[in-house]
4 protein chains.
Amino acid sequence: MDRAGEAAAGPGRRRRRDGALRRDAVLDAGLAVFSTLGLHGASLDQIAERAGLSKTNLLYYFASKEALYLAVLQRVLTVWLDPLQALDAGSEPADALKAYIRAKMTLSRDAPQASRLFCLEIVQGAPLLRAELAGPLRALVDAKAAVLGSWIAQGRIGPHDPRHLIFSIWAITQHYADFAVQVEAVTGRDLSDPDFFEATVASTQRLVLAGLGLA
Amino acid sequence: MDRAGEAAAGPGRRRRRDGALRRDAVLDAGLAVFSTLGLHGASLDQIAERAGLSKTNLLYYFASKEALYLAVLQRVLTVWLDPLQALDAGSEPADALKAYIRAKMTLSRDAPQASRLFCLEIVQGAPLLRAELAGPLRALVDAKAAVLGSWIAQGRIGPHDPRHLIFSIWAITQHYADFAVQVEAVTGRDLSDPDFFEATVASTQRLVLAGLGLA
Amino acid sequence: MDRAGEAAAGPGRRRRRDGALRRDAVLDAGLAVFSTLGLHGASLDQIAERAGLSKTNLLYYFASKEALYLAVLQRVLTVWLDPLQALDAGSEPADALKAYIRAKMTLSRDAPQASRLFCLEIVQGAPLLRAELAGPLRALVDAKAAVLGSWIAQGRIGPHDPRHLIFSIWAITQHYADFAVQVEAVTGRDLSDPDFFEATVASTQRLVLAGLGLA
Amino acid sequence: MDRAGEAAAGPGRRRRRDGALRRDAVLDAGLAVFSTLGLHGASLDQIAERAGLSKTNLLYYFASKEALYLAVLQRVLTVWLDPLQALDAGSEPADALKAYIRAKMTLSRDAPQASRLFCLEIVQGAPLLRAELAGPLRALVDAKAAVLGSWIAQGRIGPHDPRHLIFSIWAITQHYADFAVQVEAVTGRDLSDPDFFEATVASTQRLVLAGLGLA
DNA sequence: CATGAATGAGGGTTCATTCAT
DNA sequence: TATGAATGAACCCTCATTCAT
């Protein structure tokens, strides 16, 4: 019944849904290609082929290569800042930090391309993202640094500069996505291996918590 | 005598030395441009101009764009692995680790472009460096992991997986070079500020040493 | 009754009238854009936007870009040849020529875009208008040359080749539309200034009439 | 001997001369194509083929299509303003005007493409030439209008506004280049026919001189 | 009548690379 | 060594046109 209903929904609506799907397919393809070859190394032809449409048609959905790149980046950034939002002042510090580390490491496992694209953009000086960094990102970090600061003030965690702590967690967790080839070259494993994933999470949690005098 | 010898060396030798100087100039220019724009975003014209010669002449020194890129990468890699070599089994663990962290952070301050170029290459899957990773780099890490492993076995540092420990130190120290724009957007400072540099070194040392039960 | 009839005419007829209005709007927009940018420099999008409809819809009214261009040209040509028709053998030569010059100069003032589009087409070799030139236009010129010729034969105007005379009048009067930017750059004025318009008409009339020994 | 000398001149010099020749060939081809199809209608491929080189090589000589177009226009403009320079206050008015009309008509015969390209540019609003019009061209016209004005003040020619007189001569003489297709459609002849050329010159001279009371 | 989606051809331009000297 | 000239491949993008509704 439902499927019949969908089939009868009329072309207009189906089309529109197809359009949104194709847009998403393009964003996915863009993420894959951009994160491997960079903005300049990627070609629209490549992305279009991967998304299953023609280059011209791709340009019907996104006005230009740079517009597509930006759209991909925006989508990445949204996902990227999400876990930190959850770091809550009301939680037990150890639990909150452990959860945050796990959440970030999970992202590194499940969305490594997003991590890499973000990394590429930042490493190259964030020509298109600088405003986002100085605006929303900084605001979020300031807010969470305040949370960590209050824990320190209450003596619940050691006196580690909150921003350096955040950077350290970011650095370590993202390292397993961004430097995955290196990790694999050295260890022969990556995060998709459940044992390795758990060992990495545990190791990072232990380092950070002990580093803060919580273990 | 030496100086007279040099002065009288004739065009042949002087030329050769000039040539070596120009080669270095090209490598420097290549590092600067590649680290900002990536392999594909950089143009030989740009690099040549920065190095003060013509594009055609540049191609006399390096057979192709990719050859130049590789040469730049090789030079980077050499510098890159150097500090780890110094991690010596004979030292006191705390001292050795503190020194290593400081050395790496110093590199991030003094050679951020090298760090970024290395990062770019790895993030994109290390298409040209994979062999280096699986070969020399892995061997070096294995060797140093053995050192750390011996310290653990002797109970001189906590039971933290040696490779994860190395990754964590790399991740944190390189973060301040690779994500410098982000660090600056959030904190308003960077490693060239001596106070910030020392605070960052101290913070990282404390986290790692405490994380290993050494503080 | 008529108005009621119109009001009650139903969608069919009203639609048709709307259609004619939109057609005209497209022709107007086409004239404006083509006369500024030429056939190849103009885009259907531009014309459609100016006419207030979508490109696809524009192509419902005109089968192709070239078809639209031709339609615009046709409309221009009709207006263009009109004043010459009025040159009547029965009139006094001086009056007839003065009236013709004024009529042409008025067109240059009121329909400069039409003049320019016609000019563009002719200058480029009239690829789409050659037939019109060799057919109706030549016939008209032949007819009017006969009129002028009869005046010469009667000694009522000087022995100036009729066709050259017509060309001269065309050239001068159209110059103030086609080369308006140049005229304005040199004099700071254009035909929309009533004083300048009258002075230009008078000047041209004087030159031509005196040139024919009529003053 | 001369030819041998040239042949022995060495590659460097021959090359350079070839380069200048090719540049000229490109300018010629550009004039031919631009004057027929306009800036937007012309393609670099077309021009390159006509000039006997590849599109890419053409772009080695001229940085962009617009740069080439401008270079062509500049060359045209130089030739264009030349005859007017010769209009000298010291001459007999009738002789000077007759000579000027002949010179302009000769240009229309020998360089009709230049005339047409100039016309195209002006008709479209002179987007790239406006500065030239308001600067050098206006200055030249002002100077020559002063000459004509002095003749009027001395009663040597009739009281015809000098600028309108100049415009009229321009309009008529250029008409035979710019509207050549129309002239040919109507008369079956063009300026390359010596009889027609002389008749046209004479006719124009008579109209203008008589118009000024000089015949 | 009207529209959103899709397409293919072509255009200008960049750029690494080669050639000839 | 060094350079100016030349080339061909690839790329992004525009645009007239068609399709399907």
Side-chain angles (χ1 to χ4, degrees), chain A residues 10-16 18-19 22-23 40-48 53-68, chain B residues 11-12 15-16 18-19 22 39-48 53-69, chain C residues 11-12 14-16 18-19 22 39-48 53-68, chain D residues 10-16 18-19 22-23 40-48 53-68:
Chain A
R13 187 174 298 170
R14 181 153 44 81
R15 275 290 171 99
R16 203 164 306 135
D18 286 3
R22 293 187 94 167
R23 252 190 83 97
H40 301 289
S43 88
L44 287 184
D45 264 322
Q46 234 173 324
I47 297 172
L53 37 67
S54 69
K55 178 174 59 172
T56 317
N57 197 13
L58 184 158
L59 285 166
Y60 174 77
Y61 290 102
F62 296 92
S64 70
K65 188 189 191 180
E66 200 172 280
L68 168 60
Chain B
R15 283 267 175 92
R16 205 165 303 137
D18 287 1
R22 295 189 91 169
L39 168 58
H40 301 289
S43 85
L44 287 183
D45 266 319
Q46 239 174 318
I47 297 172
L53 39 68
S54 71
K55 178 171 60 171
T56 320
N57 196 11
L58 184 156
L59 284 166
Y60 170 78
Y61 290 102
F62 297 92
S64 70
K65 187 189 191 181
E66 202 172 275
L68 167 59
Y69 181 74
Chain C
R14 183 154 42 80
R15 284 266 176 94
R16 205 165 302 136
D18 288 1
R22 295 190 92 167
L39 168 58
H40 301 289
S43 85
L44 287 184
D45 265 321
Q46 240 174 317
I47 297 172
L53 39 67
S54 71
K55 179 170 59 171
T56 320
N57 195 12
L58 184 157
L59 284 167
Y60 171 78
Y61 290 103
F62 297 92
S64 71
K65 188 190 191 181
E66 202 173 276
L68 167 60
Chain D
R13 188 173 297 171
R14 183 154 44 79
R15 274 293 172 98
R16 204 165 306 135
D18 287 2
R22 294 188 94 167
R23 250 189 84 97
H40 301 290
S43 87
L44 287 183
D45 265 322
Q46 234 175 324
I47 298 172
L53 37 67
S54 69
K55 178 172 61 170
T56 318
N57 197 12
L58 185 158
L59 285 166
Y60 173 75
Y61 290 102
F62 297 92
S64 70
K65 187 189 193 183
E66 200 172 283
L68 168 60

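Proteins get letters first, then strands, A, B, ... in listed order; numbering begins at 1 in each.
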**OP:** For DNA chain E, just give me the dot-bracket, please: Watson-Crick or G-U, both distances below 3.5 Å, ( ) intra-strand, [ ] crossing earlier pairs, | paired with another strand, . unpaired.
**Re:** .||||||||||||||||||||
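Toward the 5' end of DNA chain E, the nearer of the two residues B/Ala63 and A/Leu53, judged by each one's closest nucleotide, is A/Leu53. Mapping C/Tyr60 and B/Gly41 onto DNA chain E by nearest heavy atom places C/Tyr60 at the nucleotide closer to the 5' end.
Dashed line: the shortest gap from a side-chain N or O of A/Ser54 to OP1 or OP2 of E/dT7 is under 4.0 Å. Between D/Arg22 and F/dA5, a side-chain N or O to OP1/OP2 separation shorter than 4.0 Å is absent.
Of the C1' atoms belonging to F/dT21 and E/dC1, the separation is 13 Å, rounded to the nearest Å.
What you find for C/Ile47 and C/Ala42 is that their closest heavy atoms are CD1-CB, 4.5 Å. The nearest pair of heavy atoms linking C/Ala63 to C/Ala67 is N-CB, 4.2 Å. Minimum interatomic distance between B/Leu58 and B/Leu68 (heavy atoms only, all atoms of both residues): CD2-CD2, 4.3 Å.
Residue pairs meeting the salt bridge (Lys or Arg N to Asp or Glu O under 4.0 Å) criterion with at least one partner in residues 53-62 of chain B, sequence neighbours excluded, are B/Asp45-B/Lys55.
Applying the ring-ring contact (aromatic ring centres under 6.0 Å, His included) test to D/Tyr61 and every residue at least two apart in sequence or in another chain returns nothing. With sequence neighbours excluded, the residues forming a side-chain contact (heavy atoms from CB on, under 4.5 Å) with C/Leu39 are C/Phe34, C/Lys65, C/Tyr69, listed by chain and number. Scored by the side-chain contact (heavy atoms from CB on, under 4.5 Å) test, C/Ser54 finds C/Thr56, C/Asn57 as partners (sequence neighbours excluded).
Distance A/Arg23 CZ to E/dA6 C1': 16 Å, rounded to the nearest Å. The nearest whole Å value for the distance from the CG atom in D/Asn57 to the P atom in E/dG12 is 16 Å. The CG-P distance, from A/Leu58 to F/dT14, rounds to 13 Å in whole Å. Distance CZ (B/Phe62) to P (F/dA2): 13 Å, rounded to an integer number of Å. One interatomic measurement links the two molecules: CD1 of C/Ile47 to P of F/dT14, which rounds to 18 Å at whole-angstrom precision.
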Please write out the pairs of protein N or O atoms and N or O atoms of nucleotides 9-11 of chain E separated by less than 3.5 Å, giving the distance to one decimal.
none

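Within the nucleic acid shown, C/Tyr61 comes within 4.0 Å of sugar-phosphate atoms alone, with no base atom in reach, counting heavy atoms only. Across all strands, C/Leu59 comes closer than 4.0 Å to base atoms (heavy-atom distances).
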